[in-house]
Each structure stands twice: as structure tokens, then as C-alpha cells.
Number of protein chains: 2
Amino acid sequence: MPILLSLALALAGQPAADTPKKSAAKPPLSPTEIANKAPAAAWRTIADDDILIFTLANGRKVIIQLAPAFAPQHVARVRTLANRKWWDDTSVYRIQDNYVAQWGDVTEKKKLPEGVADSGPAEYTRAGGLPVVRMTRPDSFASIAGFTADGWPVASDGKRSWLTHCYAMVGVGRDLAPSIGSSAELYAVIGHAPRALDRNIALVGRVIEGIDALSSLERGTGKLGFYGDGQKPTPIVSARLASALPSGERPRFEYLSPASPDFARYLHARENREPPFFTVPAGGADICNVPVPVRRKT
Amino acid sequence: MPILLSLALALAGQPAADTPKKSAAKPPLSPTEIANKAPAAAWRTIADDDILIFTLANGRKVIIQLAPAFAPQHVARVRTLANRKWWDDTSVYRIQDNYVAQWGDVTEKKKLPEGVADSGPAEYTRAGGLPVVRMTRPDSFASIAGFTADGWPVASDGKRSWLTHCYAMVGVGRDLAPSIGSSAELYAVIGHAPRALDRNIALVGRVIEGIDALSSLERGTGKLGFYGDGQKPTPIVSARLASALPSGERPRFEYLSPASPDFARYLHARENREPPFFTVPAGGADICNVPVPVRRKT
């Protein structure tokens with residue numbers, strides 16, 4: 001019984017979770033099933049130059065999709081750092097529970113490549129109220145929240161738009177203002193969405209595979225989740241853009257386009273979870289409860 | 001520089017995080033500082049019978065505050081299971097990233113004590129629109145969200161009220177309806193709040209210390225985060241109510257009362273993060289961004 005009930009509980013889970021068939025009557029499609037049944041035309045390929053692969057010393061890989069449309073200069077620096085192999089032999093050195101994992105040069109002494117500096121436009125927000133597929137119910141942080149056609153979770157006040165700090169989103173660590181960060185120290189969200197950071201720090205992408213290689217690391221015993229005495233940061237072996245790899249070795253990914261009717265169905269299903277497990281659909285969700293489906297392209 | 005920027009980023013962190021003093025001008029009090037400076041009268045002691053201590057084989061402890069006012073029968077069963085030492089030699093056997101950690105009897109064969117069964121009132125909701133200290137901005141899942149005077153995050157439609165599935169909240173695994181769960185298999189939220197579970201499953205409390213002992217466990221490679229081949233569930237050595245321990249060995253905790261003016265200030269500060277790190281306050285937050293301060297009672 002307990003395992004069964006666990007499976008039932010799990011029906012409520014992540015889009016990545018498989019859905020066991022337990023009911024005799026055919027249940028409605030789960031959000032994951034809706035996404036996976038979407039036709040090829042509803043999926044968009046992620047560009048090789050927007051895919052960044054961190055390989056950790058334990059063999060795990062953390063793969064990030066970059067968001068150049070939102071933070072073009074930060075993303076340009078990230079690409080430079082990857083192309084210069086700057087992150088090789090750096091480490092993941094801070095894990096703060098229910099907040100962030102952070103990596104880069106813990107020694108603070110590694111020289112940055114030319115053109116990579118803590119300067120330039122902040123890129124915390126973007127001009128305009130970007131068109132989005134909107135959430136049904138209000139957002140607790142902004143007047144508008146939804147998904148852009150190119151697959152990003154965005155909030156807006158109608159004049160400016162910005163990426164939202166959802167689980168697995170990747171941002172640029174920075175010092176107190178006017179610092180905007182050099183893009184060399186990155187963090188990923190590993191807890192409940194810290195949306196108060198929205199508009200206050202640059203987001204440059206999201207982890208699309210391997211977030212658990214960060215979220216399951218030992219929490220730092222030092223202040224703010226920094227690794228303390230006796231704790232060992234996880235070494236980073238390398239960071240490479242997919243575009244820098246031989247064609248046959250590039251991991252390829254695609255996302256479900258928010259502009260597709262399939263995404264609308266997926267969103268509706270996430271906002272209205274159905275029987276057999278759920279009996280009371282919420283009729284809404286917050287934007288970070290609706291991860292944009294991303295999968296390996298086969 | 002990177003460490004400094006990390007510290008700065010961390011100012012945005014959890015209430016438990018210390019706040020380094022980096023600025024020459026005296027910054028406004030952080031939410032954590034507001035809570036910690038609150039007078040003794042603003043803090044309420046948690047009853048010994050509401051504190052449940054799980055000790056894991058790795059020496060870590062996971063300490064839970066029970067919520068008998070919300071799920072009296074489930075909590076009664078939890079107390080029975082602890083008093084019968086039923087969880088001794090069970091395990092944490094499922095870790096699904098950005099969702100839940102689950103524990104209990106992975107064999108599904110352990111006999112339940114008399115009076116502990118998958119029956120009785122569901123306790124997913126409570127009658128009445130409970131009075132709450134409300135969030136400033138709308139909730140994405142319910143018409144009302146806020147904190148009860150006894151320290152719990154609650155949503156409501158004005159007729160019924162229910163605990164919200166925030167980070168570290170603890171619930172009762174169940175099978176498909178009409179199952180409500182026996183209270184022997186428990187889970188804790190270790191990711192973005194899965195609020196769609198609200199009103200669909202019983203919450204019985206929250207982890208008040210040691211959530212990272214669950215959230216940092218290796219993710220299960222099996223379906224839905226169950227541990228797969230070659231993975232070892234984390235054994236549970238014991239589970240005891242504080243009230244069952246000798247008086248001198250009982251861990252004691254207190255929470256900041258939502259009825260206090262200090263809590264109102266804490267809530268306001270969480271909804272409006274301030275300089276020097278933040279330059280754009282959100283003007284709101286979702287209820288799961290405002291963990292009720294809980295600390296050891298000294």
C-alpha cells in the first residue's frame with residue numbers, strides 16, 4: 001500500500017515524471033503526457049550556442065540553456081568564459097538550502113579574460129511589455145506573468161519585462177550596487193522561487209538537465225551556505241558550449257513552444273490537476289509551478 | 001570580489017541566514033533581524049507533544065512541528081506510531097527532485113498499530129474562513145492566503161481553510177481516493193511549493209530543523225524518485241516525540257507569533273526587500289516566500 005500511495009502522490013509531480021496507469025477508467029492526460037504527445041511542430045530546437053555544459057568531478061553534468069534575448073551582454077561574457085575554458089578547475093562552493101547553489105572561482109584570484117568585467121548594462125529587465133501566454137490567476141509579485149513564445153517564464157508591469165526566479169533558473173552573482181556581476185560567478189535556484197530577486201539581479205538562463213547534481217549537494221555549513229571547515233567544494237572539470245563540441249557530440253534539446261495550442265493545454269492541465277489523484281483542482285498556479293517542458297531531441 | 005558578491009546575493013536569502021554588515025551606512029533591518037529583535041512576548045513556545053524527532057542513521061536529525069489543530073486524527077496516529085517506535089528501522093526511500101522526500105516502511109509489510117489505519121476524516125481542509133494576517137498581494141491558488149495566530153501558513157476560500165504546501169511542510173502519503181493515508185508514510189516538500197496538492201492531501205506539520213538532511217539526499221533514480229538499483233535508502237534509527245524524552249533532553253522551539261506587530265514588520269520586510277542589495281522591492285510575495293520564523297528556545 002505505501003508504495004502505491006506514493007505512486008499516487010507522485011501523479012501530482014513534475015512534468016518529467018512518468019504517470020503510472022492505476023485506474024481502470026481511462027484517466028485524463030497528465031500535463032506530461034499532453035506535452036509528450038504534442039506534434040513535432042510544437043517543439044522548438046534550442047540553438048547549440050545557447051547550450052552550456054558544466055562537467056563536475058563526480059562525473060555529473062549540469063546543462064544550461066542561455067537566454068541571450070534577455071541578457072545579451074551577460075550571455076556574451078558567459079560564452080567568452082566558456083570558450084576560454086575559464087571555469088575549468090573552478091568549483092561549486094556554496095549550497096544554501098532552499099535558495100541557491102553557486103559556482104565559479106572560490107579563490108577570487110583567477111584573472112578574468114579581456115572583455116569580461118563587472119560593468120555594462122545590468123540587464124535585469126527588458127524594455128516593453130512582452131507578449132506572453134498568461135497565467136489564469138494573479139501573480140503575487142507582478143501585474144503580469146506568463147510565457148514568451150521563445151519559451152521563457154516572464155513577469156511584467158506592462159512597461160518592462162523580466163525573467164522570473166523559478167526553480168533551476170541561473171543568475172549572475174553580484175556585489176552590492178552598482179555592481180551587476182561579471183558573469184563569472186553563477187548561481188542556480190534550488191528551492192522555492194526567490195522571486196524577490198526579480199529585477200534586482202541578472203538571470204542568464206536555466207538548467208535544463210542535471211539540476212539535481214547541484215540540488216543534492218551537501219549544504220554548506222558556513223555562513224550563507226558557503227562551504228565551511230572540512231567541507232570540499234565540488235570541482236568543475238570543464239564548461240563548454242555545445243557549439244564548441246564536435247557536431248556528433250553535441251547534446252540537443254527542444255522545448256514546447258508556448259505559442260502552440262499544446263502548451264495552452266499543458267498550462268491548463270497544470271493549473272487544473274485532475275482525477276484520479278486530484279479531486280479539487282486549484283483553478284490556477286503560480287508561474288514557477290509550470291516549468292516549460294524541455295527534452296532531449298532524438 | 002566573487003565572495004563579496006556572493007555575500008551580497010545572500011542578503012536576499014532565508015530568514016535563517018546571518019546578515020553580514022558590509023555597508024558603512026546603517027542598512028535597514030533585514031527580515032531575520034526584525035524577527036530576532038522581537039521581544040520575548042512575540043514568541044510562542046511549541047508544545048513538547050507537537051515536536052517529533054526523526055534520527056537518521058547518518059546521525060542527522062529531522063525535527064517536525066505537528067499541526068493537531070489542522071489534522072487532529074492524522075496527528076493522533078503520528079503520535080501513536082512514534083510512541084510505538086513504529087518508524088524505528090524504517091527508511092527514507094524516495095527523493096524526487098524539486099518535489100518531495102518520503103519515508104516510512106519501504107517493504108510495505110510492517111504491521112500498523114491498532115487504531116492506525118487508512119480511514120477516518122480526510123482533514124484536507126478545516127471548516128471556516130480562519131482569521132489570518134493576510135498577504136498584501138493576491139495568491140495564485142486561493143482567494144485568501146495568510147498566517148494564523150498559531151503560526152501556520154493557510155489559504156482559504158472564506159468557507160474552508162487549509163494549510164499550504166510550502167517548502168518543508170510535511171504531509172501524509174496516500175493512495176488514490178478514497179484513500180486518505182494511514183499517516184505511516186510521510187513526505188516533506190523539498191522544492192518549489194507544489195500548491196496543487198493543497199486540499200487534496202493531508203498536511204500534518206512542518207520540518208523546523210534539519211530539512212537539509214532530507215533535501216540534500218541523493219535523488220532516486222527510479223520512477224518518481226524512488227530509489228533504484230544500487231541506491232540505498234537512508235535508515236531511520238528512531239522517531240520520538242519530545243514529550244516522550246526526559247525533560248532535560250527535549251529540544252525546545254518557539255515561533256514568532258503572526259499576531260504580533262513584529263511579525264507584521266517581518267512580513268512587510270519580506271514583501272519589500274530593501275537596499276543595499278535590493279533596489280526594486282517587489283511590493284508583495286507569495287505565502288511560501290515568507291517562512292514563519294522558528295528557532296531553538298534558549
Side-chain angles (χ1 to χ4, degrees), chain A residues 1-10 12-14 17-18 22 94 96-99 102 104-105 108 137-141 167 173-177 179 181 185 187 191-197 199-200 211-212 215-219 223-224 273 276-280 282 284-286 288-289, chain B residues 1-10 12-14 17-18 22 94 96-99 102 104-105 108 137-141 167 173-177 179 181 185 187 191-197 199-200 211-212 215-219 223-224 273 276-280 282 284-286 288-289:
Chain A
M1 183 86 95
I3 289 292
L4 181 59
L5 63 86
S6 314
L7 291 170
L9 169 59
Q14 303 313 309
D18 290 324
K22 288 288 172 193
R94 175 191 178 199
Q96 185 170 359
D97 195 63
N98 191 21
Y99 195 38
Q102 186 170 323
D105 170 36
E108 304 187 82
R137 288 184 50 94
D139 184 71
S140 298
F141 294 86
Y167 192 85
R174 68 165 170 86
D175 199 350
L176 296 181
S179 166
E185 307 302 304
Y187 64 88
H192 188 73
R195 296 272 313 274
L197 291 171
R199 293 186 282 178
N200 284 288
I211 182 66
D212 61 306
S215 61
S216 65
L217 290 174
E218 181 183 9
R219 274 46 182 164
K223 276 193 180 179
L224 312 167
R273 303 305 302 268
F277 186 80
F278 291 90
T279 51
V280 183
D286 73 77
C288 295
N289 277 100
Chain B
M1 183 86 96
I3 288 291
L4 181 59
L5 63 86
S6 314
L7 291 171
L9 170 59
Q14 303 313 309
D18 290 323
K22 288 289 174 194
R94 175 191 178 198
Q96 185 170 358
D97 194 63
N98 191 21
Y99 194 38
Q102 186 170 323
D105 171 36
E108 303 186 83
R137 289 184 50 94
D139 185 72
S140 298
F141 294 87
Y167 193 84
R174 67 164 171 87
D175 199 350
L176 297 181
S179 166
E185 307 300 306
Y187 64 88
H192 188 73
R195 297 271 314 274
L197 291 171
R199 293 186 281 176
N200 284 288
I211 182 65
D212 62 306
S215 61
S216 64
L217 289 174
E218 182 184 8
R219 273 47 182 164
K223 276 193 181 178
L224 313 167
R273 304 306 302 268
F277 186 81
F278 292 90
T279 52
V280 184
D286 72 77
C288 294
N289 278 99

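Keep in mind that the numbers below use all heavy atoms, side chains included, and drop hydrogens, waters and symmetry copies.
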Check whether B:F141 gets within reach of chain A through its side chain, its backbone, both or neither, counting any heavy atom under 4.5 Å. both

Within the distance-only criterion (no hydrogens, no angle test), does the side chain of A:R137 pair as donor or acceptor with the backbone N or O of B:D139 below 3.5 angstrom? yes

Could you give the distance from CG (B:N289) to CG (A:N98), rounded to the nearest 0.5 Å? 9.0 Å

Any side-chain to backbone donor/acceptor pair from A:R174 onto B:F277? Under 3.5 Å, distance only. yes

How far apart are the closest heavy atoms of A:H192 and B:D286, and which atoms are they? NE2-OD1, 3.0 Å

Non-hydrogen atoms of A:R199 and B:A282 that approach each other most closely: NH2-CA, 4.0 Å

Heavy atoms only, distances under 4.5 angstrom: which of B:S215, B:G104, B:G191 has the most pairs with chain A? Name it, please. B:S215

Are any side-chain N or O atoms of A:S140 and backbone N or O atoms of B:P138, one a donor and one an acceptor, separated by less than 3.5 Å? yes

Work out which heavy atom in A:T279 is nearest to a heavy atom in B:A177; give both atom names and the distance. CG2-CB, 4.5 Å

Quick one: does A:D97's side chain get under 4.5 Å of B:I211's, heavy atoms only? yes

